[in-house]
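Only this structure's heavy atoms are used, side chains among them; waters, hydrogens and symmetry mates stay out. Computed from a predicted model, the values in this text were never measured in an experiment. Sequence positions, counted from 1, serve as the residue numbers for this chain.
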Amino acid sequence: MQTLTTSAHLEPDTTARVSRFAPTVDDEGFVSLRIGGAQLDISFIARPGTADTLRAIARAAEEAATILDRITDTAAEGAA
């Protein structure tokens, strides 16, 4: 991955879109994974051979979601 560091807060209305760009004579094609909202979009450009990297990102996102679920459950139990 080329270096760029940024941060953005996910909101309930954050969207995710996948777009396929077919191969051409000059290019092997790629997939764009775009995550965004009203003011900011982050786009990951994935070329052939990077599917495992996208899978690793998906696993990390699933792990983060599980942790958020636990935080929510713990907060709800404390409020009871």
Side-chain angles (χ1 to χ4, degrees):
M1 187 160 123
Q2 295 181 15
T3 302
L4 171 67
T5 302
T6 188
S7 66
H9 290 269
L10 295 178
E11 298 294 337
D13 63 346
T14 299
T15 61
R17 291 178 287 163
V18 175
S19 300
R20 178 182 184 265
F21 294 84
T24 66
V25 174
D26 299 319
D27 185 74
E28 61 190 349
F30 61 94
V31 170
S32 167
L33 169 59
R34 195 174 190 117
I35 303 165
Q39 297 181 13
L40 174 71
D41 277 350
I42 298 170
S43 184
F44 294 98
I45 305 300
R47 298 208 174 270
T50 61
D52 286 343
T53 302
L54 283 177
R55 288 184 186 99
I57 291 168
R59 283 190 299 272
E62 184 62 36
E63 180 181 351
T66 298
I67 292 168
L68 284 174
D69 289 341
R70 289 184 192 141
I71 290 170
T72 301
D73 292 345
T74 301
E77 290 171 4

Next item on the list: List for me each residue that meets side-chain hydrogen bond (donor to acceptor under 3.5 Å, both in side chains) alongside Asp73, sequence neighbours excluded, and say none if there are none.
Entry: none
Check: Taking only residues two or more places apart in sequence, or in another chain, which ones meet Thr72 in a side-chain contact (heavy atoms from CB on, under 4.5 Å)?
Finding: none
Margin query: Assigning hydrophobic clusters by single linkage (Ile, Leu, Val, Met, Phe, Trp, Tyr; side-chain heavy-atom cutoff under 4.5 Å), is Phe21 placed with Ile45?
Written below: yes
Note to self: Under a 4.0 Å threshold between the charged nitrogen and the carboxylate oxygen, would Arg47 count as salt-bridged to Asp27?
What the structure shows: yes
Checklist line | Residues in salt bridge (charged side-chain N to carboxylate O under 4.0 Å, His left out) contact with Arg70, at least two apart in sequence or another chain | finding: none
Notebook entry, point to check: What residues, two or more places apart in sequence or in another chain, satisfy side-chain contact (heavy atoms from CB on, under 4.5 Å) together with Thr14?
Noted result: Leu10, Glu11, Ile35
Next item on the list: Give the minimum heavy-atom separation between Ala46 and Leu54, together with the two atoms involved.
Entry: CB-CD1, 3.7 Å
Check: Taking all atoms of both residues into account, what is the closest heavy-atom pair of Gly29 and Pro48, and its distance?
Finding: O-CD, 3.3 Å
Notebook entry, point to check: Will you find, in the side chains of Ser43 and Ser32, an N or O donor that is under 3.5 Å from an N or O acceptor?
Noted result: yes
Next item on the list: Kindly write out the residues that satisfy salt bridge (charged side-chain N to carboxylate O under 4.0 Å, His left out) with Asp26, not counting sequence neighbours, or none if the list is empty.
Entry: none
Note to self: Membership question, hydrophobic clusters at under 4.5 Å side-chain separation (ILVMFWY): are Leu33 and Ile42 in the same one?
What the structure shows: yes
Margin query: Phe44: which residues meet the ring pair (Phe, Tyr, Trp, His ring centres under 6.0 Å) condition with it, sequence neighbours left out?
Written below: none
Checklist line | Spacing of Leu68 atom CG and Thr66 atom OG1 [to the nearest 0.5 Å] | finding: 9.0 Å
Margin query: So does Thr53 get a backbone contact from the side chain of Thr50, meaning a donor-acceptor N/O pair under 3.5 Å?
Written below: no
